[in-house]
Amino acid sequence: MVEQGQQFVFDDNAATGPQAIDPESETAWRHGVLVFQATPLGEVMDVLARNAGWNVMVSNTAKRIPVTAMFSLSRIAEAPETIAQTLPVRLTHLPGGVIIIRAR
């Protein structure tokens, strides 16, 4: 049974849970903010790409880097550069909104 403040997480292979969550962080997108707490960079970029319309490729090493950050949806275009300035990664921008992220 899932109780208040918990969630189940489903992926292609399994379901895990229940896991404790911070309901305010999980619903911050309703207020135009995306909140990540020790979230793997691969997951962060999937969410950002979905909201910004980017095509993102993240190296296997970079995918595992934990990210704790808040990004405003109104300034989402700044997120990749912020990530590159604060994490050990480098970005390559290609035409058509493609972003490649590699660990340094």
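Since the model is a prediction, treat every value here as computed from it, not as a measurement.
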Give, for atom [atom1] of [X] and atom [atom2] of [Y], the distance between the pair rounded to the nearest 0.5 Å.
X     : Y      : atom1 : atom2 : value
Ile99 : Met45  : CD1   : CE    : 5.0 Å
Arg90 : Arg102 : CZ    : CZ    : 6.0 Å
Thr39 : Asp46  : OG1   : CG    : 11.5 Å

Looking only at heavy atoms, what is the nearest atom pair of [X] and [Y], with distance?
X     : Y      : result
Pro80 : Leu91  : O-CD1, 3.2 Å
Trp54 : Ile76  : CH2-O, 3.3 Å
Ala62 : Ile101 : CB-O, 4.2 Å

Measuring only between side-chain heavy atoms, which start at C-beta, is [X] closer than 4.5 Å to [Y]?
X     : Y     : answer
Val58 : Val89 : no
Val67 : Gln37 : no
Ile65 : Pro88 : yes

Exercise for the section: Treating Ile, Leu, Val, Met, Phe, Trp and Tyr as nodes and any side-chain heavy-atom pair under 4.5 angstrom as an edge, say whether Met57 and Leu41 lie in one connected cluster. Expected result: no
Handout entry: Ile100 with Leu48, same ILVMFWY side-chain cluster at under 4.5 Å
Key = no
Problem - Short side-chain to backbone donor-acceptor contact, Arg75 and Phe71, under 3.5 Å - result: no
Handout entry: side chain to side chain contact (heavy atoms under 4.5 Å, CB included) against Thr68, all qualifying residues, sequence neighbours excluded
Key = Ala38
Handout entry: Selection residues 79-88 - residue pairs positive for side chain to side chain donor-acceptor pair (under 3.5 Å), sequence neighbours left out
Key = Glu81-His93
Practice task
Say whether Thr61 and Ser59, considering side chains only, have a donor N or O and an acceptor N or O under 3.5 Å apart.
Solution key: no
